[in-house]
*Asks:* 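This is the structure, below, for whatever I ask next.
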Amino acid sequence: MTQRLVRGDLDRAVAALRSGRLVAMPTETVYGLAADATNPAAIARIFEVKGRPADHPLIVHLADPEDLLTWAPDASVHAQTLAATAWPGPLTVIVPRGERLPPQVAGGRHTVGLRVPAHPIARALIREAGVPVAAPSANRFGAVSPTTIDHVRADLAGRLDADLDVLLDGGPCPVGVESTIVDTTVEPVQVLRAGAVTDVQVQSILGTDVAGPSGPARASGMLASHYAPDCQVRLVDSPDDAAALRAGTPGSRILDLSADVAKYARDLYAEMRQADRDGVRTLIAVLPSPAGLGHAVRDRLTKAAAPRTIG
Ligand code: TXA
Ligand code: MG
């Protein structure tokens, strides 16, 4: 993992968080736009900068797995087991929100999403700031998540205060797709968003059945259209199908990293952004097989290809 971070950057970022400013921080999944999760004014700025509706809940990032019960005293045994096994790592648990976290961070809900990121810069930042850190992906609402600091800059530079907010460069994110979200407040637990920790892994950690999402949409990743570039995305099952479709589609490009699904996840959003920069009109994506991280890549590609309902 490339790390161009220097001590002074971390100190500035810690000071920024403590004074209610925003920090773009690298995590192992995607870059987050971080603020002190206990400060309602700082949280309000996240929504403003992202252009995100205020009822969309944020994920709160903790420094250590042991902090779970400090911020969510009513977390279930399932949540505690997942935290003890999968944290630090790309897994978010939805738990009852403790009183020390303000309702704004959870979009007014009685539940909150918590995770301990595995990225050393994120953990150092959260630990040294001494507060839990609310951080959605550091992109405009509805756009694809940023996996490099240049993506963050392209999306948000004009909306952040160059003097007071801080951008931390941790190199490209090693996972590349957002964390798995598991709602532990329902029985059986539900996987609301696929990520690097798979349904099968969640099931084996808990030793119980795991369901897919049901009921009203709780995660914005559950909306049919999300994680979308400007270009149209068309899905195919094989390189041959991709070539055939491309032949009849002017202004198209093929995206096929299906031979290496970890690379597919890592490069997916950068490839979508590059296609937009190059003026590609149709990105023809070859779906990876539905196993392991392949589920998360297929989920994001499917959402990028869905009819556009949000901007
Ligand atoms: O990997 C990640 O999770 C990244 C990095 C920065 O940690 N963060 C991220 O945050 O993807 P965001 O805000 O872009 O996506 C958070 C998702 C949203 O779909 C939101 O609706 C869902 O988590 N979420 C948060 N709190 C929730 C809650 N209480 N109930 C249901 N869904 C919740
Ligand atoms: Mg997001």
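Numbers for residues simply follow the sequence, beginning at 1. Counting starts at 1 for both ligands and their atoms, following the listed order. Both backbone and side-chain heavy atoms feed into the values below; hydrogens, waters and symmetry mates do not.
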*Asks:* Considering only heavy atoms, which of Pro136, Ser179, Ala196 lies nearest to atom 2 (C) of ligand 1?
*Replies:*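 When every heavy atom of Pro136, Ser179, Ala196 is considered, Ser179 comes closest to atom 2 (C) of ligand 1.
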*Asks:* Without hydrogens or angle criteria, can the side chains of Gln203 and Thr208 be said to hold a donor-acceptor pair below 3.5 Å?
*Replies:*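 Thr208 and Gln203 do not have a side-chain donor-acceptor pair below 3.5 Å.
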*Asks:* Within 45° of the ring axis of Trp87 and under 6.0 Å from its six-membered ring centre, is that where the NZ or CZ of Arg115 lies?
*Replies:*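 The answer is no, since Arg115 fails at least one limit relative to Trp87.
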*Asks:* Looking only at distances, please establish whether an N/O atom of ligand 1 is found under 3.5 Å from an N/O atom of Thr29.
*Replies:*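 Yes: some nitrogen or oxygen of Thr29 is under 3.5 Å from one in ligand 1.
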*Asks:* Which bit of Thr111 is near ligand 1, meaning a heavy atom under 4.0 Å away: side chain, backbone, both or neither?
*Replies:*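 For Thr111, the contact with ligand 1 is made by both the backbone and the side chain.
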*Asks:* Report, in ascending order of atom number, the atoms of ligand 1 lying under 4.0 Å from any heavy atom of Ile181.
*Replies:*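 Numbered from 1, ligand 1 contributes 17 (C), 22 (C), 23 (O).
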*Asks:* Restricting to non-hydrogen atoms, name the atom on Leu160 and the atom on Leu22 that form the minimum distance, rounded to 0.1 Å.
*Replies:*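 Scanning both residues, the minimum pair turns out to be CD2-CD1, 4.0 Å.
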*Asks:* Indicate, with yes or no, if the rings of Phe47 and His56 have centres closer together than 6.0 Å.
*Replies:*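 Distance test on ring centres: not under 6.0 Å, no.
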*Asks:* Dump the intermediate steps for side chain to side chain contact (heavy atoms under 4.5 Å, CB included) on Arg21 and Arg45, then the final yes or no.
*Replies:* CA-CA 8 Å; Arg21 308 303 308 193; Arg45 256 200 91 226; 3.3 Å; yes
*Asks:* So, 2.8 Å as the limit: is an N/O/S atom of Asn139 located closer than that to the Mg ion (ligand 2)?
*Replies:*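 No, since none of the N, O or S atoms of Asn139 sits under 2.8 Å from the Mg ion (ligand 2).
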*Asks:* Looking at Glu178 and Arg300, is there a salt bridge between them, counting it only when a charged N and a carboxylate O are closer than 4.0 Å?
*Replies:*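 Looking at Glu178 together with Arg300, the answer is yes, because their closest N to O distance falls below 4.0 Å.
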*Asks:* Would you say Glu178 has any N or O atom under 3.5 Å from an N or O of ligand 1, going by distance alone?
*Replies:*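 No.
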*Asks:* Pair Trp71, Val112 - check side chain to side chain contact (heavy atoms under 4.5 Å, CB included), show working.
*Replies:* CA-CA 10 Å; Trp71 300 98; Val112 67; over 6 Å; no
*Asks:* With a heavy-atom distance limit of 4.0 Å, tell me whether His56 approaches ligand 1 through its side chain, its backbone, both, or neither.
*Replies:*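 Contact part for His56 vs ligand 1: neither.
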*Asks:* Work out whether the distance between some heavy atom of Ala135 and some atom of ligand 1 is less than 4.0 Å.
*Replies:*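 Per 4.0 Å heavy-atom rule, Ala135 contacts ligand 1.
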*Asks:* Provide the number and element of each atom of ligand 1 under 4.0 Å from a heavy atom of His61.
*Replies:*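 The atoms of ligand 1 under 4.0 Å from a heavy atom of His61 are 5 (C), 6 (C), 7 (O).
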*Asks:* Report yes if some N/O of Lys50 lies less than 3.5 Å from some N/O of ligand 1; otherwise report no.
*Replies:*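 N/O-N/O distance below 3.5 Å does not exist for this pair.
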*Asks:* What part of Arg97, side chain from CB on, backbone N/CA/C/O, both or neither, has a heavy atom under 4.0 Å from ligand 1?
*Replies:*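 For Arg97, no heavy atom sits under 4.0 Å from ligand 1.
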*Asks:* Against heavy atoms of Gly32, which atoms of ligand 1 measure under 4.0 Å?
*Replies:*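 Selected atoms, number and element: 6 (C).
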*Asks:* Check each heavy atom of Asp183 against ligand 1 and say whether those closer than 4.0 Å belong to the side chain, the backbone, both or neither.
*Replies:*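 Looking at Asp183 and ligand 1, no heavy atom falls under 4.0 Å.
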*Asks:* Start with the C-alpha distance between Gln274 and Met272, add both sets of side-chain angles, then the distance that settles side chain to side chain contact (heavy atoms under 4.5 Å, CB included), and finish with yes or no.
*Replies:* CA-CA 5 Å; Gln274 188 63 45; Met272 287 182 180; over 6 Å; no
*Asks:* Measuring from non-hydrogen atoms of Arg52 to any atom of ligand 1, is the shortest distance under 4.0 Å?
*Replies:*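 Within the 4.0 Å threshold, so yes.
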*Asks:* Heavy-atom contacts with Gly113 under 4.0 Å: which atoms of ligand 1 show up? List them by number with element.
*Replies:*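 Those atoms are 26 (N).
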*Asks:* Any carboxylate oxygen within less than 4.0 angstrom of a Lys/Arg side-chain nitrogen, looking at Asp155 and Arg273?
*Replies:*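 Result for this pair is yes, salt bridge flagged.
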*Asks:* Can you find a side-chain donor-acceptor pair between Asp36 and Thr38 that sits under 3.5 Å?
*Replies:*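 Distance-only check passes for Asp36 and Thr38.
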*Asks:* For ligand 1, which atoms sit closer than 4.0 Å to a heavy atom of Arg193?
*Replies:*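 It comes down to these atoms of ligand 1: 2 (C), 3 (O), 9 (C), 11 (O), 15 (O), 16 (C), 17 (C).
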